[in-house]
**Q** 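Mind having a look at this structure? Questions to follow.
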Amino acid sequence: MNLAEIANVNRLLCTVSGHKYKLVKKITKHLKHYQCSCCGCQVTTNTKGNLVSLTEELKLIHLGIETVIIKRKAKKGDSKKNAVA
Ligand SMILES: [Zn+2]
């Protein structure tokens with residue numbers, strides 16, 4: 001059995017018994033990426049809190065959100081430093 005066949009079997013198992021999602025990335029409190037430890041498929045939470053498959057488009061949008069958050073945090077950090085000094 002080669003790797004592609006194993007992946008297909010795992011996917012079939014997931015279809016039958018459900019995916020085993022693990023948290024792989026937390027962008028915000030409500031925006032998270034999960035990956036199935038069995039078949040490796042990736043999902044994310046939508047605005048309603050439901051799990052949807054993580055498309056390349058969503059990945060890009062989330063990357064944008066993440067960048068904004070990181071920049072904001074960096075700015076907050078700077079202002080705190082200035083306030084102390
Ligand atoms: Zn799965």
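Quick caveat, the model's predicted, so the values are computed rather than measured. In each ligand, atom 1 is the first atom listed, and ligand 1 is the first ligand listed. Keep in mind that the numbers below use all heavy atoms, side chains included, and drop hydrogens, waters and symmetry copies.
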**Q** What is the minimum heavy-atom distance between Thr44 and Lys32, and which atoms define it?
**A**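 Of all heavy-atom pairs spanning Thr44 and Lys32, the closest is OG1-O, 2.9 Å.
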
**Q** Does one hydrophobic cluster hold both Ile69 and Leu31, with members joined at side-chain heavy-atom distances below 4.5 Å?
**A**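 Linked, Ile69 and Leu31 end up in one cluster.
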
**Q** Holding to side-chain hydrogen bond (donor to acceptor under 3.5 Å, both in side chains), I want the full list of residues that pass it with His33, two or more places apart in sequence or in another chain.
**A**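 Partners of His33 by the side-chain hydrogen bond (donor to acceptor under 3.5 Å, both in side chains) criterion, ordered by chain and then number, come out as His62.
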
**Q** Could you tell me which residues satisfy side-chain hydrogen bond (donor to acceptor under 3.5 Å, both in side chains) with Lys20, sequence neighbours excluded, listed by chain and number?
**A** none

**Q** Any chance you could pull the hydrophobic cluster mates of Val43, using side-chain heavy atoms under 4.5 angstrom and chaining through other members?
**A** Tyr21, Leu23, Tyr34, Leu51

**Q** Which heavy atom of Val52 sits nearest a heavy atom of Leu58, and at what distance?
**A**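 That would be CG2-CD1, 4.2 Å.
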
**Q** For distances below 2.8 Å, what is the count of protein N, O or S atoms around the Zn ion (ligand 1)?
**A** 4

